[in-house]
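The block underneath contains the structure these notes are about, expressed in structure tokens.
Chain letters run A, B, ... following the sequence lines, proteins first and then strands; every chain starts at 1.
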Amino acid sequence: MNNSRIFLLIVSFIVFLLLQILVLKNLVLFGTAFCFLYVLYILLLPIEIKTVPTLIIAFVLGMGIDLFYDTLGVHTASILAVAFVRRRWIKMITPRGGYDDDLQPSVLNMGFGWFFTYSIPLILLHHIFFFYIDNLGTGLFLFVVQKIVASAIFVFIMSIIVQLLFYRRRRGI
Amino acid sequence: MQRILLFLYSIRALLLFIFLEAVAIWLIVSFNSQQGSVFFNSSNQLSGTILGYRSGVMDYFALTSVNRNLMEKNAELLAELQKFKNPPDSVFIPLDSALFGDIQFKGAKVINNSIRLSQNFITLNKGALQGLKEGMGVFNEEGVVGRVKGVSENFATVISLLHTDLLISSKIKSTEVFGSTKWDGLDSKKAKLLYIPRHVDIKVGDQVVTSGYNAVFPEGISIGTVLEVKQGTDTNYLDITIELTTDFTRISYVYLVDNYKVVELDSLYQTTGIKNEQ
């Protein structure tokens, strides 16, 4: 992990945060599909980052998002769950031959199939937390499930597009 | 002892996770009250400024509809004003100012709004320095918008009518039957009118307005029109759906109700033990 990588991580943190609060906050398809693209930032952290730093990054990111959504703590609670599970989940789905060091688990580096199994459960976990807390006390079960599924699909598609457009495949060694 | 420390060290990630999650849940629970603390939300200085920049850009796209609405409101007010002009053929006695209402209005601009969550908030570009206070009612030329949750120096957050915890005291305009309007979290154009007894005759298309029974809103601000009346599952009350007159997708300027007597009313309610409805 050299300085330029850390610099890139910080810059992309700010970009993801600003993108989420200034643009994507207003992007809701059909009233059900939300675009919580900031989950992708946690998903795309390099594999060797341990759980403790991931949790701290997720906490700061979640608080930043909550500040602008006026949902104090809701985004934080859900993104923390993703950050906690992420490393275990990565270990659980290790491909044959293991991971290279210092690798970004993006769709370009790992292939579509791996990224699908990696990201979908984590995105779903985040959305279940978020919409469950958001709708506590309303008793709208089906509507919540609809929101969770629609948003998860939307975020997954958006994350694939964003990676194809703005990320580079790691040069082979 | 060393073993315990080693054990704790080995589960440090879990401990940190539990700690941070507890902080988040504590924040959710303690800050979701109706009014109060505004440090950690969109009305603090930093986020307010950023949102202000964004709204500075986005406002241009809403100019047409804003202008049209303001013109309509102006025309309405001009018509109102005609009633107070002294007619040339009669004696005009100016009323004493004490007889005028206790209410003044303030204007503010919306810089942040959400409609899709189940608990939506609006941020305004004015705050305590401009005279905004907690608990003020908020409306625009179309109808009721919400109620101020908290203010910082230059910004304020408003609980939108599209918030599943907010109750607005309301009545049917034609029959003066009163109930409470509450959003059910489903559709940003519809809400429920609660606590209307079964024996009351309500027609589709009846207008619902604020009741003026408390100091938050003056009487007669439009809320919606009755869309559907059903005999619900509740044995005592009707299940009424109303269509909101306010279009929450394009709120840009709002008015706030400043009631001089709100403190007096509130303390009266408190001493007599009446729980005030929003």
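- Taking OG1 of Thr76(A) as the reference point, atom CG of Leu20(B) lies at 9.5 Å (rounded to 0.5 Å).
- Atom NZ of Lys190(B) is surrounded by 12 or fewer heavy atoms from other residues, nucleotides or ligands within 6.0 Å.
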side-chain contact (heavy atoms from CB on, under 4.5 Å) evaluation trace for Glu21(B) with Phe59(A): CA-CA 9 Å; Glu21(B) 197 76 42; Phe59(A) 186 74; over 6 Å; no
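- Interface remark: of the candidates Thr54(A), Leu22(A), Leu18(A), Ile21(A), Leu22(A) forms the most heavy-atom pairs closer than 4.5 Å to chain B.
- To the nearest 0.5 angstrom, Phe34(A) atom CZ is 8.5 Å from Ser114(B) atom OG.
- The contact between Leu14(B) and chain A is made by backbone and side chain atoms together, counting heavy-atom distances below 4.5 Å.
- Note that CZ of Arg12(B) is 11.0 Å distant from CG of Leu55(A), once rounded to the nearest 0.5 Å.
- Residue Lys50(A) does not touch chain B at all, counting heavy-atom pairs closer than 4.5 Å.
- In this structure, the portions of Leu186(B) lying under 4.5 Å from any heavy atom of chain A include both its backbone and its side chain.
- Proximity to chain A is limited to the backbone of Asn113(B), based on heavy atoms less than 4.5 angstrom apart.
- Around atom NZ of Lys189(B), no more than 12 heavy atoms belonging to other residues, nucleotides or ligands sit under 6.0 Å away.
- Summarising the geometry, atom CD1 belonging to Ile18(B) is positioned 7.0 Å from atom CZ belonging to Phe84(A); distances are rounded to the nearest 0.5 Å.
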